[in-house]
S.K.: 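Below you will find the structure I want to go over with you.
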Protein chains: 2
Amino acid sequence: MQQTENDPVPAIAMRLKIEREARGWSLAELAERSGVSKAMISKIERCEASPTATVLGRLSGAFGLPLSVLLALAERAQERVALQAEQPVWTDPETGYTRRAVSPPNSLLELLDVSLPAGVRVPYPASAFAFQHQQIWLLSGRLDFQEGPVTHHLAEGDCLLLGPPADCVFFNPGKEPARYVVALTRR
Amino acid sequence: MQQTENDPVPAIAMRLKIEREARGWSLAELAERSGVSKAMISKIERCEASPTATVLGRLSGAFGLPLSVLLALAERAQERVALQAEQPVWTDPETGYTRRAVSPPNSLLELLDVSLPAGVRVPYPASAFAFQHQQIWLLSGRLDFQEGPVTHHLAEGDCLLLGPPADCVFFNPGKEPARYVVALTRR
DNA sequence: TCATCTTGTCCACTATAGAAGACGATCACC
DNA sequence: GGTGATCGTCTTCTATAGTGGACAAGATGA
């Protein structure tokens with residue numbers, strides 16, 4: 001019989017829901033755009049049906065993605081370990097600010113490992129985190145976090161829950177790099 | 001409704017057949033390995049059914065391929081233009097022999113554009129073209145083609161139909177590079 | 001508080017995916 | 001010229017994919 005029990009249905013279900021919600025579409029809207037009934041989309045997202053190639057083609061078309069890409073994303077979403085070597089890192093060449101996406105792709109909860117060099121200021125506009133729940137946890141060094149009118153002075157180990165969206169600024173007042181975790185989830 | 005009429009069924013059908021035949025498997029053998037009935041595989045290959053994600057998962061598993069890769073290959077097989085820049089070229093660093101795969105991926109009929117430097121001999125074992133129908137068409141230069149016991153002397157424009165499998169040798173007796181087309185199809 | 005809109009799920013019903021086996025073809029070997 | 005092999009397709013039947021519409025649960029607003 002089959003060698004690798006490789007059922008793609010849960011991965012597809014998860015990916016489908018992520019793609020739809022990332023676009024802010026309801027079941028009805030995706031049904032409209034794809035030509036697939038919303039009842040069926042609901043079933044697929046709940047792993048109660050195994051979509052045919054035809055239906056998958058319509059859905060990926062609605063997302064503007066080639067089917068193979070949708071499937072590849074689905075497979076990656078199945079990976080539950082994100083090795084450090086594979087985690088995408090972004091570095092600002094001017095300030096030396098680095099940000100590493102720790103969480104496996106497409107997690108509901110995302111963890112960012114940030115390093116902020118001494119004396120550097122990083123602005124963070126309110127628009128960047130609307131509809132998100134966020135916390136900032138300082139692992140080492142010092143961090144002044146300006147949230148709208150108020151400023152929080154964080155020391156090692158402190159954890160801050162962000163309030164309603166406001167223009168923010170990260171600032172490292174110390175002499176050592178500040179290392180902190182940003183944890184965020186959509187709501 | 002859907003924007004891009006993007007039906008993956010024909011592409012999947014074509015790719016499935018190619019993967020199966022490339023492994024020399026019959027419908028029954030693939031059915032055995034994948035756990036999908038041979039009747040169903042037959043239908044899928046003839047575009048008479050749209051396989052579910054579950055069935056696609058079993059089939060790709062039998063081939064030892066991730067589903068997304070199988071689909072990506074299927075999508076590429078749909079491309080009907082192979083731009084010269086995308087055609088894979090292989091060059092033998094010792095002799096300067098070059099071979100370019102002209103045809104779009106997975107065509108039933110494959111065209112190779114070969115350039116053989118002056119004085120170079122390239123052996124071609126019988127085992128390399130069993131079950132293939134082949135023709136050799138000399139575009140420019142000269143080519144001596146040794147087919148088992150007999151040798152054909154080809155001049156510009158000549159076209160040779162290969163007989164039953166035999167050990168062969170390509171040889172360019174001229175002073176200019178020989179450029180020829182190898183056209184082959186499975187039988 | 002009562003409409004009204006939107007959300008996702010549930011309920012018939014129909015179309016078809018998928019399995020198991022029969023069937024006619026082709027080929028190899030006595 | 002039989003006689004089994006094996007090939008792919010066709011046939012029958014069942015499970016389920018897929019549709020359209022009803023439904024209950026929030027959300028919004030007058």
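Quick caveat, the model's predicted, so the values are computed rather than measured. So that the names make sense, note that chain A is the first sequence line, chain B the second, and so on, each numbered from 1.
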S.K.: Please identify each residue that fulfils salt bridge (Lys or Arg N to Asp or Glu O under 4.0 Å) with R142(B), with sequence neighbours left out.
M.R.: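 Result, salt bridge (Lys or Arg N to Asp or Glu O under 4.0 Å) vs R142(B): none returned.
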
S.K.: With sequence neighbours left out, which residue pairs that include part of residues 10-58 of chain A fulfil the ring pair (Phe, Tyr, Trp, His ring centres under 6.0 Å) condition?
M.R.: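 Listed by first then second residue: W25(A)-F63(A).
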
S.K.: How many Å lie between CD on E29(B) and P on dC7(D), as a whole number?
M.R.: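 Atom-to-atom, E29(B) to dC7(D), this comes out as 8 Å.
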
S.K.: Rounded off to whole Å, could you give me the CE-to-P distance for the M40(B) and dT14(D) pair?
M.R.: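 Going from M40(B) (CE) to dT14(D) (P), I get 18 Å.
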
S.K.: When the ring planes of F170(A) and Y180(A) are compared, do they come out parallel, tilted or perpendicular, using 30° and 60° as the limits?
M.R.: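 Judged by the thresholds at 30° and 60°, the geometry between F170(A) and Y180(A) is parallel.
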
S.K.: Does one hydrophobic cluster hold both I18(A) and V9(A), with members joined at side-chain heavy-atom distances below 4.5 Å?
M.R.: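 In one cluster: no.
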
S.K.: How would you list, by chain and number, every residue that makes a salt bridge (Lys or Arg N to Asp or Glu O under 4.0 Å) with R23(A), sequence neighbours excluded?
M.R.: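 So R23(A) forms a salt bridge (Lys or Arg N to Asp or Glu O under 4.0 Å) with E19(A).
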
S.K.: Whole-Å distance between dA22(D) P and K38(A) NZ?
M.R.: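 Spelled out: NZ on K38(A) to P on dA22(D) is 11 Å.
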
S.K.: At a heavy-atom distance below 4.0 Å, which nucleotide of DNA chain C is the first touched by chain A, and which is the last?
M.R.: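 With heavy atoms of chain A under 4.0 Å away, the range is dT7(C) to dA17(C).
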
S.K.: Please give, in whole Å, the distance from dG21(D) P to L27(A) CG?
M.R.: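 To the nearest whole Å, that distance equals 17 Å.
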
S.K.: Quick one: W25(B) CH2 to dT6(D) P, roughly how many Å, whole number?
M.R.: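 Taking CH2 of W25(B) and P of dT6(D), I get 18 Å after rounding.
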
S.K.: How close do S50(A) and A53(B) get, counting heavy atoms only, and between which atoms?
M.R.: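 In this case the closest contact between S50(A) and A53(B) is OG-N, 3.3 Å.
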
S.K.: Please collect all ring pair (Phe, Tyr, Trp, His ring centres under 6.0 Å) contacts where either partner lies in residues 26-49 of chain B, sequence neighbours excluded, each pair once.
M.R.: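 Passing the test, one end in residues 26-49 of chain B: no pairs.
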
S.K.: By nearest nucleotide on DNA chain D, pick out whichever of K17(B) and T54(B) is the more 5' one.
M.R.: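 So the residue in question is K17(B).
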
S.K.: Among residues 41-52 of chain B, which contact DNA chain D at a heavy-atom distance under 4.0 Å?
M.R.: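 Those residues are S42(B), R46(B), T52(B).
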
S.K.: With a 4.5 Å cut-off on side-chain heavy-atom distances among I, L, V, M, F, W and Y, is there a chain of contacts connecting F171(A) to V182(A)?
M.R.: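 Per the 4.5 Å side-chain linkage, F171(A) and V182(A) are not co-clustered.
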
